[in-house]
Amino acid sequence: MAPASKTRDRIVQASLELFNLHGERSVTTNHIAAHIGISPGNLYYHFRNKQAIIAELFTAYEADVGAILQRPADRALTVEDKTAYLEALLAAMWRYRFLHRDLEHQLESDPELAARYRAFARRTLGSAQAIYRGFVEAGILRMSADQIEAIALNSWIIMTSWIRFLGTVRGGHAGLSEEQLRRGVYQVLALEGGYLAEEARGAVEALYRQLHVPLEKVLAS
């Protein structure tokens, strides 16, 4: 018999896989239990309902994003840091993509999660502004405080709504690829084009080319 901690971990991992594949609304606790070959009662021993599983997954996502959006304490930011931030955020978005697929429904279904998400959004926007200030201080971007605030907010809107956008233009989320998600990261970078310091332009534009995905691939179903 599997230890209780191992069973709990299996429930969380199976839920993430099924939510990402089918959408959270389409997956029940019975589906999750059947997927890993346990009884519904065994699942309820670990999680009282599906909302508790979603909350656990959100905790992991929140921790991942919080760890990513940190400025180095002992050096200036570089163009290479921009790549690292964006690729790490891409990986977190891809791993927990169900969270952004039907976010409003999840928050309406769980007021406690909604309050946590609002606090997470405020922290993330603050961290994003601090990082943009770091790029300004490093001479990579040239922006005012108001422009930093605006670009941080616009970046948040793109990153958190990109998966829903893909679902609307492709007629659903089936077959969604990491490459299509990557274009969302490129869209964030494109916001910065008018603020690039001339001495950093070549390196940043090389990053643009690395992350660019043609629009026809984004819209392909």
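Note that the structure is a prediction, hence the values are computed from the model and not measured.
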Hey, does Arg164 have a side-chain heavy atom less than 4.5 Å from the side chain of Glu104? yes

Under 4.5 Å between any side-chain heavy atoms of Val218 and Trp162, yes or no? yes

Please tabulate, for side-chain N and O atoms in residues 73-84, each donor-acceptor pair with protein atoms closer than 3.5 Å (sequence neighbours left out).
unit_1: Arg75; atom_1: NH1; unit_2: Asp81; atom_2: OD2; d: 2.7
unit_1: Arg75; atom_1: NH2; unit_2: Asp81; atom_2: OD1; d: 2.9
unit_1: Thr78; atom_1: OG1; unit_2: Glu80; atom_2: N; d: 3.3
unit_1: Thr78; atom_1: OG1; unit_2: Glu80; atom_2: OE1; d: 3.3
unit_1: Thr78; atom_1: OG1; unit_2: Asp81; atom_2: N; d: 3.2
unit_1: Thr78; atom_1: OG1; unit_2: Asp81; atom_2: OD2; d: 3.2
unit_1: Asp81; atom_1: OD2; unit_2: Thr78; atom_2: N; d: 2.8
unit_1: Lys82; atom_1: NZ; unit_2: Glu192; atom_2: OE1; d: 2.8
unit_1: Lys82; atom_1: NZ; unit_2: Glu192; atom_2: OE2; d: 3.4

Between Glu199 and Arg142, is there a side-chain N and carboxylate O pair less than 4.0 Å apart? yes

Quick check: closest heavy atoms across Leu18 and Val27, and the distance to 0.1 Å? O-CG2, 3.6 Å

State the CE-CG distance between Met93 and Leu86, to the nearest 0.5 angstrom. 10.5 Å

Can any side-chain N or O of Gln180 pair as donor or acceptor with the backbone N or O of Ser177 at less than 3.5 Å? yes

Would Arg95 and Tyr61 count as a cation-pi pair here, with the cationic atom under 6.0 angstrom from the ring centre and within 45° of the axis? no

Tyr132 and Ser155: side-chain hydrogen bond (donor to acceptor under 3.5 Å, both in side chains), yes or no, with the steps? CA-CA 11 Å; Tyr132 275 117; Ser155 298; 3.1 Å; yes

Side chain to side chain contact (heavy atoms under 4.5 Å, CB included) between Asn154 and Val188, worked out: CA-CA 8 Å; Asn154 288 342; Val188 172; over 6 Å; no

Over all heavy atoms of both residues, which pair between Ile36 and Arg10 is shortest? Give the atoms and the distance, please. O-NH2, 2.6 Å

Of all the heavy-atom pairs spanning Ala152 and Ala128, show the shortest one and how long it is. CB-CB, 4.1 Å

Do the side chains of Leu211 and Leu207 get nearer than 4.5 Å, heavy atoms only? yes

Between Leu166 and Arg183, is the side chain to side chain contact (heavy atoms under 4.5 Å, CB included) condition met? List the steps. CA-CA 10 Å; Leu166 289 175; Arg183 177 60 190 252; over 6 Å; no

Taking the side chain as C-beta and beyond, is there a heavy-atom pair between Leu141 and Val204 under 4.5 Å? no

May I ask you to say whether Arg182 pairs ionically with Glu179, meaning some side-chain N is under 4.0 Å from a carboxylate O? no

Side-chain heavy atoms of Gln187 within contact of Met159, under 4.5 Å: no

Once rounded to the nearest 0.5 Å, what's the spacing between atom CG of Asp9 and atom NZ of Lys6? 8.0 Å

For Ile53 and Leu43, work out which heavy atoms get closest and say how close. CD1-CD2, 4.4 Å

List the steps and the verdict of side-chain hydrogen bond (donor to acceptor under 3.5 Å, both in side chains) for Gln210 and Glu205. CA-CA 9 Å; Gln210 176 186 331; Glu205 288 182 348; over 6 Å; no

With sequence neighbours left out, what residues match Tyr186 under ring pair (Phe, Tyr, Trp, His ring centres under 6.0 Å)? His212

Rounded at 0.5 Å granularity, tell me how far CD1 in Ile38 sits from OH in Tyr45. 12.5 Å

Phe98 backbone acceptor or donor facing Asn20 side chain under 3.5 Å: yes

Please lay out, stage by stage, how His35 and Glu17 fare under the test side chain to side chain contact (heavy atoms under 4.5 Å, CB included). CA-CA 10 Å; His35 187 72; Glu17 292 171 2; 3.6 Å; yes

Hey, is Arg101 close enough to Glu24 for a salt bridge, meaning N to O under 4.0 Å? no

Would a 4.5 Å heavy-atom cut-off, applied to side chains only, mark Leu153 and Glu149 as touching? no

Between Thr29 and Asn49, which heavy-atom pair has the shortest distance, and what is it? CG2-C, 4.3 Å

Expected list for residues 114-123: side-chain donor-acceptor pairs under 3.5 angstrom, two or more places apart:
unit_1: Arg116; atom_1: NH2; unit_2: Thr59; atom_2: OG1; d: 2.7
unit_1: Arg116; atom_1: NH2; unit_2: Glu62; atom_2: OE1; d: 3.1
unit_1: Arg123; atom_1: NH2; unit_2: Glu62; atom_2: OE2; d: 2.3

Restricting to non-hydrogen atoms, name the atom on Pro72 and the atom on Tyr85 that form the minimum distance, rounded to 0.1 Å. CD-OH, 3.8 Å

Asp110/Ile54 under side chain to side chain contact (heavy atoms under 4.5 Å, CB included): CA gap, chis, key distance, verdict: CA-CA 10 Å; Asp110 189 338; Ile54 294 169; over 6 Å; no

Is any side-chain heavy atom of Leu181 closer than 4.5 Å to a side-chain heavy atom of Arg97? no

Main-chain N/O of Gly134 paired to Glu137 side chain as donor or acceptor, under 3.5 Å: no

Any sub-3.5 Å donor-acceptor pair from Arg170's side-chain atoms to Leu219's backbone N or O? no

Close side-chain approach of Leu57 to Phe19, heavy-atom, < 4.5 Å: yes

